[in-house]
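Each ligand, and each atom within it, is numbered from 1 in the order the structure gives.
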Amino acid sequence: MTRKTMHIGLDDTDSTRKGCTTYVAAVLVEKLQKLDAEFTDYPNLIRLNPNVPWKTRGNGALCLRIRYGENVEGQIKETVIKTVEEQADFECKGTDPGIVFFEGAQIPKEIKAFARNAITDIVTLKDAVKLVSKFGGEAVGFKKGRGIIGGLAAVGETLHADYTYEVLAYRVSENRGLKRCVDEASIFEMDEATAPYTFNNVDQEKGRVMITPRGPDPILFGIRGETPEIVKKAFRMVRAFEPVERWVIFRTNQGTDAHLKGVENLGQIKPYSPVIVRGTVTTNPKMIPRRHVIFSIEDKSAQADCAAYEPTGVLRKVASKLIIGDYVEVYGGVRAPSQHRSSTINLEKVQVLRLAPKIAFHNPLCKKCGRRLESMGKGQGFRCRKCGSKHRSLGKVEVKLKRDLKRGLYITSTRSQRHLTKPFRRYGMEKRHVTVEGLIDGWHFP
Ligand code: ATP
């Protein structure tokens, strides 16, 4: 019997009060394997543009890539549709699930480009539907069907550039919504034992655990890392005091900076897009209410405000130490447009490229006794308190102060990093054009 290849994209099944599309994918892993489907890749968890205003949480979309017997094709599609119908939070306004079925081993370039745009920009449902029909795929949309966008983008992002893994463990339904019971000490131990090959397990600054989400979703915890083996090892080290219903290893673009796109100048930045752009600091940073720090940068083309919010921790401190004339590269999402403001970039990272000299003007020293002089009033010269001498012709002297900031890259604190933000721990670990050959034994349960 002929075996065929299919890519199944899923998105927008959850709401803030219920569900998670990764859970739908995890349930489908079990169900599709019962139909003798063979997974050609780990389920892909693709994070899309984090600045999309209508996302629920982390703007994640899923793709399952399988080989299967032609005779069960109908059953596979039915199973996927039925599972989405069972799991999605249809009552919630703004939950608009979408499924994309795409057959064939090769993903067309145009669909890959669509995925790239969905990660770095805003794309439309109309374009998604056009592409699905152009290449003979099938799209199933519920309600407004906006999830078709994410579904197609997940199909198109085949993760041939940098990628990472995440093992996600899910709670049994009775426990969802209750406090998560996981031994925190075991998480710190796991982090130490698996570093630097796992990342974002804990926030070292605050001594806080990061792997357990807070909301009512079904995730108990998730561990991110460089290989399927290391996330599985880490998973085994975490002691949970409540039952784990199922777990799955996903391959993902998390922690890769895939969303950030370099633009040539500030004139090119667009609302909702995550950018990397250079500019010269033109205003000294100011603290606004709720301890956020704002400064402006400009180049020949335009000017933009940069905002480092309170939870960005390290980054906020760095931002507050910048001065007019510093030359920086900023990384972050461009905020929604506003009539009253110029463009604002919400900072995720700052690379300090050049530090401007910090100059202060001091009173001169006494020529007779060496003590610092005091002013006799504007334009009247200086006098010495110690020896009484007067110096009418002297002016203030320029003094170069030491900067309390070094050149280099600064990243927002772990607790405020986006799913896509590449943390320091991953620098130097990037993978390039590596193809996944075979999955490890036991990459999911059940
Ligand atoms: P979770 O992370 O909990 O799964 P979410 O944050 O992924 O939830 P969704 O409920 O999936 O949020 O909502 C995001 C919606 O935005 C989806 O319908 C998706 O298709 C759509 N979308 C994603 N990226 C883009 C984009 N770049 N342009 C336009 N629409 C997008």
Side-chain angles (χ1 to χ4, degrees), residues 8-28 43-64 83-84 87-100 111-132 137 139-157 166 168 170-171 176 212-220 222 224 248 250 252-254 258-261 270-275 333-334 336 417-421:
I8 305 166
L10 308 166
D11 198 12
D12 211 343
T13 65
D14 55 12
S15 67
T16 45
R17 57 174 198 192
K18 185 184 155 202
C20 176
T21 310
T22 68
Y23 181 73
V24 181
V27 169
L28 279 171
N44 291 174
L45 164 55
I46 308 300
R47 297 289 177 181
L48 305 172
N49 182 353
N51 302 308
V52 161
W54 43 85
K55 67 176 184 173
T56 308
R57 280 181 297 257
N59 206 6
L62 276 298
C63 182
L64 305 173
T83 307
V84 168
Q87 299 289 338
D89 187 3
F90 286 102
E91 277 105 72
C92 175
K93 189 173 171 278
T95 298
D96 301 293
I99 306 171
V100 171
I111 296 184
K112 289 188 177 184
F114 177 84
R116 183 90 208 106
N117 288 337
I119 295 167
T120 59
D121 211 331
I122 299 286
V123 291
T124 64
L125 178 57
K126 200 167 143 213
D127 284 346
V129 171
K130 250 198 236 163
L131 275 178
V132 172
V140 183
F142 301 84
K143 292 165 69 185
K144 289 185 184 156
R146 191 157 59 192
I148 291 171
I149 295 176
L152 184 65
V155 167
E157 178 49 76
E166 176 162 14
L168 282 167
Y170 298 95
R171 321 179 76 184
R176 294 180 200 159
T212 47
R214 307 265 174 262
D217 59 86
I219 296 178
L220 180 58
R224 298 167 182 199
V248 175
F250 293 85
T252 157
N253 59 353
Q254 292 172 161
H259 59 314
L260 295 166
K261 200 164 137 187
K270 286 188 297 185
Y272 308 116
S273 59
V275 294
V334 183
Q417 279 173 21
R418 305 259 193 204
H419 294 289
L420 279 160
T421 306

For the side chain of [X] and the backbone of [Y], is there at least one donor-acceptor N/O pair under 3.5 Å apart?
X: Thr95; Y: Asp14; result: yes
X: Asn44; Y: Ile46; result: no
X: Asp11; Y: Gly98; result: no
X: Arg176; Y: Arg171; result: yes

Problem set entry | Contact residues of ligand 1 (heavy atom under 4.0 Å), by chain and number | Asp11, Asp12, Asp14, Thr21, Arg47, Leu48, Asn49, Val52, Trp54, Lys55, Thr56, Arg57, Gly58, Asn59, Gly60, Ala118, Asp121, Ile122, Val123, Arg146, Gly147, Ile149, Gly150

Exercise. Taking only residues two or more places apart in sequence or in another chain, which ones pass side-chain contact (heavy atoms from CB on, under 4.5 Å) with Lys144?
Worked result: Asp96

Exercise. With a 4.5 Å heavy-atom cut-off, do Leu48 and Ile119 have their side chains touching?
Worked result: yes

